[in-house]
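Quick caveat: nothing in here was measured; it's all calculated off a predicted structure. Proteins come first, then strands; the chains are lettered A, B, ... in the order of their sequence lines, and each starts at number 1. No hydrogens, no waters, no symmetry mates; every other heavy atom, side chains included, goes into these values.
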Protein chains: 2
Amino acid sequence: MLRQNGLSCQSSCEIDLRDATKQLELLGKVESLKGRKRGSKRDPEAKKQLLIKATLDTIADIGVTDTTVSRICERSGLSRGMIHLHFGGKDNLLTAAAQHFSAQYYSEMDRMTDLGPDASPEDRVMAVIEADLSEALLNPRSTKIWHAFRGIASSHPGIARYSSTQDHRLVETLRLAFSEIAQQNGRDANLVDDATSGTLALMEGMWVNYLTDMQGFSRRRSVKLIRRFLCGLFPGKFKL
Amino acid sequence: MLRQNGLSCQSSCEIDLRDATKQLELLGKVESLKGRKRGSKRDPEAKKQLLIKATLDTIADIGVTDTTVSRICERSGLSRGMIHLHFGGKDNLLTAAAQHFSAQYYSEMDRMTDLGPDASPEDRVMAVIEADLSEALLNPRSTKIWHAFRGIASSHPGIARYSSTQDHRLVETLRLAFSEIAQQNGRDANLVDDATSGTLALMEGMWVNYLTDMQGFSRRRSVKLIRRFLCGLFPGKFKL
DNA sequence: ACATTTAATGGACGATCGTCCATTAATGAC
DNA sequence: GTCATTAATGGACGATCGTCCATTAAATGT
């Protein structure tokens, strides 16, 4: 499936590459580089990405326990030697997959919370919550992968680094927003910290709820639940 | 596994029954049961418990991925054939271990939340929270095991049944308490549900925080954080 | 005392694990 | 076109996996 898609793209790009080198020299060089990255039949970086993708898919499908080198290679359509060649071993591939997954989460989170510069702090907080609970970030595949990685994190230091929601930027985004809200009417020094850490904890809990019972889960109700808690924390704010 | 358990139980009961008919009828039955359980050198049930204990310890130590039959037997001091003999295979042992772990959690939770019959609903809620975050329930061993099981739950149906905090009794305990609090001054139909589910979610999040950063974790602050959220949800209640 | 039943052992078994490498195929340089 | 370089293959390798069973040991029944 993915393999077919990749192959057809590769062959067409190869033709473009030859045409370009025939006509121009300097430009052709640059283009061939770009073309190489995209479509050439020999593209190590693309293969690495393909292996990472296959690893994550396999974990989501059959769990980390049954995710073996053979299974990953079978799914990616690549030979068994590729993992050792590109990553030096299964462990490094798993770590790279965790890193990729984490980066993808935050990338999508950034994209969805890019409000204007004059957005209210309440809106910014709610944007983070709604993004975290959106189908783009919270879906069967991502929850399974996420909890699978966390489950083995404590015995796999390389993965532990990427199995925490406590990404610095995200924490600071929330803390800054809560700080703006609190300075108007707050006095407790821990209010901002508690709101930040509590919001993250509530989102974690919602992910667990989703994993445990996908049928009965409601994104709308989950968002409203967190908003209700925040409304209690900051009276007058976060009103529906 | 269950079948074997049933068989051994049957035979022992049969034996006890015959002894009892020889000497005394009712009392003999009880005594021979107790004596066999405690002192006999051949005690299948004790071996089963020993294997479950060793399984949980191994998971906490080196993670589910590296928890093999050999490793479990090595730790328990028993021979490699015992797992197949007593549980019929590794999978059943893992499931039994998850069940045991879950039962132990709720047993301890019950013990710590057994307040008098005239305890206020607020006190009952806080008792649950404080128990959940106490060292008896929240410690390095239990967090590692808990998240390890949850990580493989989605690809291991037998374990999934025991990897949810949403134990019925615990949920009902909280819901009842929140219901009593809310009926005095609440009108929103979802308030009780949100308080219940939000409290569980916050506790989940605290467990994740503990797993992620045991050094920086503070039980006291975590309890206060949740209390603060509940105080916001039920103004006037849960005051420090 | 002996016979019977059950607990427990530990090695055999095939399958599969992850790693590594000799080989082949494709590419870039001249 | 030829050569050097690099990507990619797929099988060999020893280790270890989980399962199973012939055997031994212990407890029970007669």
Side-chain angles (χ1 to χ4, degrees), chain A residues 3 6-7 10-11 13-14 17-18 20-21 25 28-29 31-33 35-37 39-51 55 58 62 64-74 76-95 156, chain B residues 1 3-22 32 35-37 39-51 55 58 62 64-74 76-95:
Chain A
R3 192 159 159 266
L7 278 173
Q10 281 166 5
S11 56
C13 288
E14 184 191 358
L17 189 66
R18 294 190 181 177
T21 39
E25 293 195 5
K29 229 175 184 176
E31 270 188 337
S32 74
L33 252 175
R36 196 170 183 276
K37 279 241 169 181
S40 177
K41 276 194 175 175
R42 300 279 294 279
D43 192 339
E45 191 58 35
K47 297 293 173 67
K48 290 184 68 171
Q49 292 300 120
L50 193 58
L51 281 174
T55 303
T58 305
I62 58 178
V64 264
T65 307
D66 297 326
T67 295
T68 66
V69 169
S70 298
R71 230 86 72 139
I72 294 170
C73 292
E74 184 184 353
S76 68
L78 268 38
S79 63
R80 295 175 21 76
M82 294 291 281
I83 288 179
H84 177 257
L85 178 67
H86 285 305
F87 295 94
K90 186 194 177 189
D91 267 19
N92 291 336
L93 170 58
L94 244 56
T95 303
H156 201 135
Chain B
M1 27 138 201
R3 189 158 158 270
Q4 286 179 343
N5 191 6
L7 280 173
S8 64
C9 178
Q10 279 167 9
S11 59
S12 68
C13 288
E14 185 188 356
I15 293 162
D16 295 337
L17 192 64
R18 293 189 180 177
D19 283 342
T21 40
K22 275 185 180 176
S32 74
R36 196 167 186 278
K37 278 237 169 182
S40 180
K41 278 193 175 176
R42 300 276 293 280
D43 193 339
E45 191 57 36
K47 298 293 174 65
K48 290 185 68 172
Q49 293 301 323
L50 193 58
L51 281 174
T55 303
T58 305
I62 59 178
V64 264
T65 307
D66 296 327
T67 295
T68 66
V69 168
S70 298
R71 230 85 72 137
I72 295 170
C73 292
E74 184 184 351
S76 67
L78 269 38
S79 63
R80 293 176 22 75
M82 294 291 282
I83 288 178
H84 177 256
L85 178 67
H86 284 306
F87 295 93
K90 187 194 176 189
D91 267 19
N92 291 335
L93 171 58
L94 244 57
T95 303

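- Atoms CG (A/Leu78) and C1' (D/dG11) sit 17 Å apart, rounded to a whole Å.
- One finds the CG atom of A/Leu93 at 5.0 Å from the CD1 atom of A/Ile72 (value rounded to the nearest 0.5 Å).
- Of the candidates D/dC20, C/dA8, C/dG18, C/dG18 carries the atom nearest the A/Thr68 side chain, counting heavy atoms from C-beta on.
- Of the inter-residue distances, the one linking B/Lys90 atom NZ with B/Thr68 atom OG1 reads 6.5 Å to the nearest 0.5 angstrom.
- OP1 or OP2 of D/dA8 lies within a sub-4.0 Å distance of a side-chain N or O belonging to A/Lys47.
- A/Ile83 comes within contact range of no nucleotide atom at all, as no heavy-atom separation falls under 4.0 Å.
- For the pair A/Asp91 CG and C/dT19 P, the interatomic distance rounds to 7 Å; values are reported in whole Å.
- Following rounding to the nearest Å, A/Glu74 (CD) and C/dC17 (P) show an atom-to-atom distance of 10 Å.
- Side-chain proximity of B/His84 to the nucleotides D/dT9, C/dA8, D/dC20 is greatest for D/dC20.
- With rounding to the nearest 0.5 angstrom, the CD atom of A/Glu74 is 9.0 Å from the OG1 atom of A/Thr58.
- The CG-C1' distance, from A/Asp66 to D/dG18, rounds to 13 Å in whole Å.
- With values rounded to the nearest 0.5 angstrom, B/His84 atom NE2 is found 10.0 Å from B/Asn92 atom CG.
- Between A/Lys90 atom NZ and D/dC17 atom P there is a gap of 13 Å when expressed in whole angstrom units.
- With rounding to whole Å, A/Leu85 atom CG is found 18 Å from C/dT23 atom P.
- With sequence neighbours excluded, the residues satisfying side chain to side chain contact (heavy atoms under 4.5 Å, CB included) with B/Asp66 are B/Ile62, B/Arg71.
- Projected onto DNA chain C by closest heavy-atom contact, A/Ser70 and B/Met82 fall at different nucleotides, the more 5' of which corresponds to B/Met82.
- Listed candidates were D/dT19, C/dC17, C/dG10. Nearest to the side chain of B/Ser79 is C/dG10.
- Atom pair B/Ile72:CD1 and D/dT16:P shows a separation of 17 Å (rounding to whole Å applied).
- Looking at A/Arg80, its side chain comes within 3.5 Å of the base of C/dT19 through a donor and an acceptor atom.
- Residue A/Leu51 contributes atom CG, which lies 13 Å from atom C1' of D/dT9 at whole-angstrom precision.
- Distance from the side chain of B/His86 is smallest to C/dA8 among C/dG11, C/dA8, D/dG11.
- At least one side-chain nitrogen or oxygen of B/Arg71 sits closer than 4.0 Å to the OP1 or OP2 atom of D/dC17.
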